[in-house]
Amino acid sequence: MSVTKKQAVTLTDKKNGSKKRTRKHSLSIVDDEVINLNKKVKGKVNVKNSKLLLKNDIPLKKIEPDLKSTLAKQEDGDNELQSSQLSFTTNKSENSTKSKKISSAIKKDEETSETQVTNEYEEGESDDYKWWEADLEDDTEKWQTLVHNGVLFPPEYEALPNSVNLIYDGKPIKLPIQAEEVAGFFGAMINTDHAKNPVFQANFFRDFQLVLKESGGVLEPSGLKITDFNKCNFEPIFDYYESKREEKKQLSRAEKKALKDEKEKLEEPYKFCYLNGRKEQVGNFRVEPPSLFRGRGQHPKTGSLKRRVFPEDIILNLDKNAKVPELPVGHKWGEVKHDNTVQWLAMWKENIFNSFKYVRFAANSSLKGISDYKKFEKARELKNHIEKIRKDYNEKLHSKVTFERQIAVATYLIDVFALRAGGEKGEDEADTVGCCSLRYEHISLTPPNNVTFDFLGKDSIRFFQEVTVDKQVFKSLKLFKKAPKKSGDQLFDRLDPSILNKHLQNYMPGLTAKVFRTYNASKTMQDQLDGMNVELEQPIQEKILQYNAANREVAILCNHQRSVGKNHEASVQKAGDKIEELVWQKIRFKRALLQLNPGLKESDGKHFKDVWDLTKEKELEIIKRVSERDLLKFKRKFDNENEKKKEINEELLPETQLEEWMKKVNDQQNDYIKEVENDGKLSDEFMEKNNKEDKLREKIQKLEQRIVNANLQLKDKEDNSQVSLGTSKINYIDPRLSVVFCKRFNVPIEKIFTKTLRDKFKWAIESVDDDWRF
DNA sequence: GGCCAGACTTAGTACAGGAACC
DNA sequence: GGTTCCTGTACTAAGTCTGGCC
């Protein structure tokens with residue numbers, strides 16, 4: 001048995017039984033072995049009886065000895081990288097000792113260097129692998145072999161300079177390094193809304209005091225007790241971190257690049273893993289750094305200290321034969337598991353909620369792709385049951401049994417308004433709700449059948465909708481709110497998501513409340529696509545606008561919002577001004593054309609109708625605006641250049657230079673004003689420069705195109721100001737619909753999916769034709 | 001059958017970096 | 001070439017759902 005890095009895999013075409021050499025496999029394969037792979041029918045993957053162990057995955061027992069020898073020596077730099085990232089802060093004095101220990105451990109390691117994932121495999125090999133062309137079978141086992149290099153720990157804490165201190169009651173104090181780090185977390189963010197929130201402050205201060213106590217209390221003045229948050233002044237710390245941020249910004253291009261390269265080198269070993277012998281990307285290989293928890297909305301735990309995670313906290317998951325990633329002397333992994341029924345590579349328990357954090361595969365990995373594919377297929381399957389489900393809940397709205405009626409209304413709300421299931425929340429979580437957890441105060445009823453929903457949903461995003469509902473739904477809701485129910489009481493007191501989901505599974509295996517959101521989102525997109533009025537020869541920009549409009553319908557259905565950016569209003573104003581200026585310029589060139597060839601007014605009148613669209617007042621307003629902006633620009637240029645000259649001790653630009661530039665702007669402004677005063681007649685100087693009819697026409701055409709584009713962009717900007725399109729595109733709209741849109745209307749896929757999304761949805765891009773339907 | 005740990009998807013936000021503009 | 005603005009990605013919080021245990 002020999003090992004080759006790449007070897008063609010012979011595939012058996014199920015349809016005609018013929019053997020084809022179709023592609024190269026990325027790992028060692030047993031000589032001449034024929035691996036049967038059921039060829040997929042285009043666009044279809046057999047999900048029933050799906051097994052995630054794909055038939056062309058390499059069986060562990062067959063490759064194992066070779067894998068071990070093939071996973072060769074690590075490149076020199078890798079160990080050094082480990083040494084730089086594997087240091088774990090405890091306190092200042094321990095730090096240096098630990099770093100030394102780590103360095104020596106790594107040095108030692110270099111001599112016998114052998115690791116799990118090497119760079120021997122060329123990047124991009126996994127690109128060859130198309131799971132959607134394989135036969136998916138049972139999915140209890142997610143992998144047979146899993147090899148990876150563990151996780152990347154955040155850098156150790158760097159102590160503040162001696163001159164930078166927390167001020168308490170007007171006096172600088174010295175803190176133990178652990179407490180200083182926590183003070184630094186707060187100090188660095190005192191200008192944010194979080195830091196102004198009293199709950200955030202209280203939680204931070206409680207944990208800060210705790211860490212201070214754990215680390216032995218204030219160092220100088222010794223014995224000082226920090227008991228009052230209001231006596232703490234974090235400004236010196238804030239100023240320090242601001243200056244660091246500024247320093248980083250001011251780095252030269254080369255310095256920035258060097259830093260980036262260093263970061264990439266550090267990350268390289270963790271970016272990829274080998275799943276069943278194939279190179280796959282790891283998603284979040286970085287362990288979350290310690291920080292202050294930034295909960296959303298009115299979160300009772302916001303500001304709490306998220307503690308540093310050590311190797312001892314980490315549980316690794318890899319195959320039995322994979323080498324356990326090395327750690328510096330004195331450290332060990334919390335646990336090493338070999339659980340192939342799960343999709344995570346590492347996990348740890350975080351300290352705030354005692355919940356788990358996972359290191360997983362990247363979105364473009366085969367496992368994630370298969371999950372995504374199955375999710376959309378399940379939603380598609382709902383098509384076959386939705387009619388019956390709707391018929392049933394409409395009937396049960398009349399039921400005398402409250403439980404049945406509650407199930408019916410809840411299903412109605414989930415189906416029609418895309419509400420989430422709404423699980424129970426704890427005391428230590430933000431008060432947000434979904435369907436089953438709606439309370440008395442979250443809906444108001446206005447006869448005959450109007451309902452106002454007003455509650456905070458996931459991420460404390462407000463769900464506010466005034467809607468008209470089915471009359472029987474209205475009646476039922478009235479019943480569910482009937483006295484003695486009062487504010488604070490559950491609307492659906494007989495339900496919770498598990499009861500509801502159990503009921504839904506009577507209609508279709510695997511049907512849950514969540515599936516309705518995917519189904520209705522994709523169905524909405526399909527309907528929008530069907531109703532689109534797109535001409536093939538339309539500009540792409542316009543086609544994209546139509547796609548975005550459809551995407552927006554879905555986002556609105558799912559209540560995907562985003563906060564309006566601070567600069568939104570100014571940016572809309574600016575875009576409007578820009579359009580006005582483009583129109584003005586276009587008009588000036590059209591006037592020039594008429595001046596050059598007055599006969600055009602007769603022969604081609606309709607193209608010059610807009611020449612007098614702007615009033616004189618408007619034109620003067622635009623001229624004033626343009627001139628003011630130019631003046632400001634030259635003033636800034638003058639200041640900037642002199643600043644630079646000052647730095648390199650060069651002679652400064654004289655004031656006369658600025659005056660000269662300003663005169664230029666003023667002269668220009670006067671020319672423009674003269675034009676307006678002369679009823680649009682262009683100056684001789686302007687006409688001399690623009691004395692060719694075809695050149696003028698070209699300029700006008702370019703300006704017209706720019707105006708169209710700018711208007712489209714402005715419309716999109718306004719329509720999207722509060723709606724977040726990304727979430728629905730990434731999670732709810734079957735990507736095959738977007739591919740169909742692109743194919744049908746000849747729009748490059750790059751215009752709809754970013755690089756990341758193209759990788760994530762490769763299965764959709766490569767598997768559908770333009771007549772595919774959700 | 002209820003509870004809850006565990007595993008996964010869905011979500012908004014921060015910010016880096018690149019495109020657009022001048 | 002510098003500045004501004006916007007897009008894409010990383011990050012991690014916050015949901016949903018399953019299944020094992022008692």
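Worth knowing before you read on, the calculation uses all heavy atoms, side chains too, and leaves out hydrogens, waters and symmetry mates.
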Problem set entry | d(CG, L419(A); P, dT10(B)) in whole Å | 17 Å
Exercise. Roughly, in whole Å, what's the span from CG in L725(A) to P in dA11(B)?
Worked result: 13 Å
Problem set entry | A410(A): partners by side chain to side chain contact (heavy atoms under 4.5 Å, CB included), with sequence neighbours left out | C435(A), F492(A), L495(A), L500(A)
Exercise. Which nucleotide in the list dC17(C), dT12(C), dA7(B) gets nearest to the side chain of K514(A)?
Worked result: dC17(C)
Exercise. Quick one: side chain to side chain contact (heavy atoms under 4.5 Å, CB included) partners of R439(A), sequence neighbours excluded?
Worked result: D431(A), V433(A), E441(A), H442(A), Q490(A)
Exercise. For the rings on W143(A) and F361(A), is their centre-to-centre separation under 6.0 Å?
Worked result: no
For this session: Look at all strands and tell whether R517(A) reaches a base, only sugar-phosphate, or nothing, counting heavy atoms closer than 4.0 Å.
Result: sugar-phosphate
Exercise. Can you tell me if D319(A) and N340(A) form a side-chain donor-acceptor pair at under 3.5 Å?
Worked result: no
Exercise. Would one find a side-chain N or O of K357(A) under 4.0 angstrom from OP1 or OP2 of dC11(C)?
Worked result: no
For this session: Write down the distance between NZ (K368(A)) and P (dC8(B)), rounded to a whole number of angstrom.
Result: 8 Å
Problem set entry | Nearest-Å distance for atom pair CZ/P, residues F356(A) and dT12(C) | 19 Å
Problem set entry | Whole-Å gap separating C1' (dA7(B)) and CD (Q343(A)) | 9 Å
Exercise. Would you say the side chains of D493(A) and Q406(A) form a donor-acceptor pair under 3.5 Å?
Worked result: yes
Problem set entry | Residue pair K729(A) / S738(A), side-chain donor-acceptor N/O under 3.5 Å | no
Exercise. What one-letter contact string describes nucleotides 12-22 of chain B from 5' to 3', where B marks a base within less than 4.0 Å of any protein heavy atom, S marks contact via sugar-phosphate atoms alone, and - marks no contact?
Worked result: BS---S---SS
For this session: Tell me, please, which residues at least two apart from N203(A) pass side chain to side chain donor-acceptor pair (under 3.5 Å).
Result: R206(A)
Problem set entry | Those residues that, when tested against R360(A), pass side chain to side chain donor-acceptor pair (under 3.5 Å) (two or more places apart) | none
Between the protein and nucleotides 19-22 of chain C, list every N/O to N/O distance that falls short of 3.5 Å.
none

Exercise. Does dA14(C) have OP1 or OP2 sitting under 4.0 Å from an N or O in the side chain of K425(A)?
Worked result: no
Exercise. Taking only side-chain nitrogens and oxygens of Y732(A), does any of them come within less than 4.0 Å of OP1 or OP2 of dA11(B)?
Worked result: yes
For this session: Only counting residues at least two apart or in another chain, list the ones meeting ring pair (Phe, Tyr, Trp, His ring centres under 6.0 Å) with Y547(A).
Result: F741(A)
Exercise. Within 45 degrees of the axis of the six-membered ring of F293(A) and under 6.0 Å from its centre: does K301(A) put its NZ or CZ there?
Worked result: no
Exercise. Which comes earlier along DNA chain C counting from the 5' end, the contact point of K378(A) or that of F293(A), where each point is its nearest nucleotide?
Worked result: F293(A)
Seminar exercise, completed: Residue set satisfying side chain to side chain contact (heavy atoms under 4.5 Å, CB included) with A379(A), at least two apart, ordered chain then number -> V515(A), T518(A), Y519(A), F774(A)
For this session: Using distance alone, with no hydrogens and no angle criterion, decide if S355(A) and E350(A) have a side-chain donor and acceptor under 3.5 Å apart.
Result: yes
For this session: Tell me what S355(A) touches on the nucleic acid: a base, only sugar-phosphate, or nothing, going by heavy atoms under 4.0 Å.
Result: nothing
Exercise. Which residues, if any, of residues 747-755 of chain A bring a heavy atom under 4.0 Å of DNA chain C?
Worked result: T754(A), K755(A)
Problem set entry | Near-strand residues of residues 491-506 of chain A, defined as heavy-atom separation under 4.0 angstrom from DNA chain C | N501(A), Q505(A)
Exercise. For dT9(C), does OP1 or OP2 lie under 4.0 Å from any side-chain N or O of T756(A)?
Worked result: yes
Exercise. Atom NZ of K271(A) and atom P of dA10(C): how far apart are they, to the nearest Å?
Worked result: 9 Å
For this session: Describe the nucleic acid contact of A513(A) in one word from base, sugar-phosphate, nothing, applying a heavy-atom distance below 4.0 Å.
Result: sugar-phosphate
Exercise. Applying the side chain to side chain contact (heavy atoms under 4.5 Å, CB included) test to Q561(A), which of V723(A), I461(A), D459(A) qualifies?
Worked result: I461(A)
Exercise. Checking all strands, does G434(A) fall into the base, sugar-phosphate, or nothing category for heavy-atom contacts under 4.0 angstrom?
Worked result: nothing
Seminar exercise, completed: 5'-most contact on DNA chain C (nearest-nucleotide basis), S291(A) vs A421(A), goes to S291(A)
Exercise. Mind checking what makes side chain to side chain donor-acceptor pair (under 3.5 Å) contact with N354(A), not counting sequence neighbours?
Worked result: none
For this session: Rounded off to whole Å, could you give me the OH-to-P distance for the Y358(A) and dA13(C) pair?
Result: 15 Å
Exercise. Touch check for G726(A), heavy atoms < 4.0 angstrom, all strands: base, sugar-phosphate only, or nothing?
Worked result: nothing
For this session: For Y519(A) and dT9(B), give me the distance from atom OH to atom P, rounded to whole Å.
Result: 23 Å
For this session: List for me each residue that meets side chain to side chain contact (heavy atoms under 4.5 Å, CB included) alongside N364(A), sequence neighbours excluded, and say none if there are none.
Result: Q281(A), A362(A), D759(A)
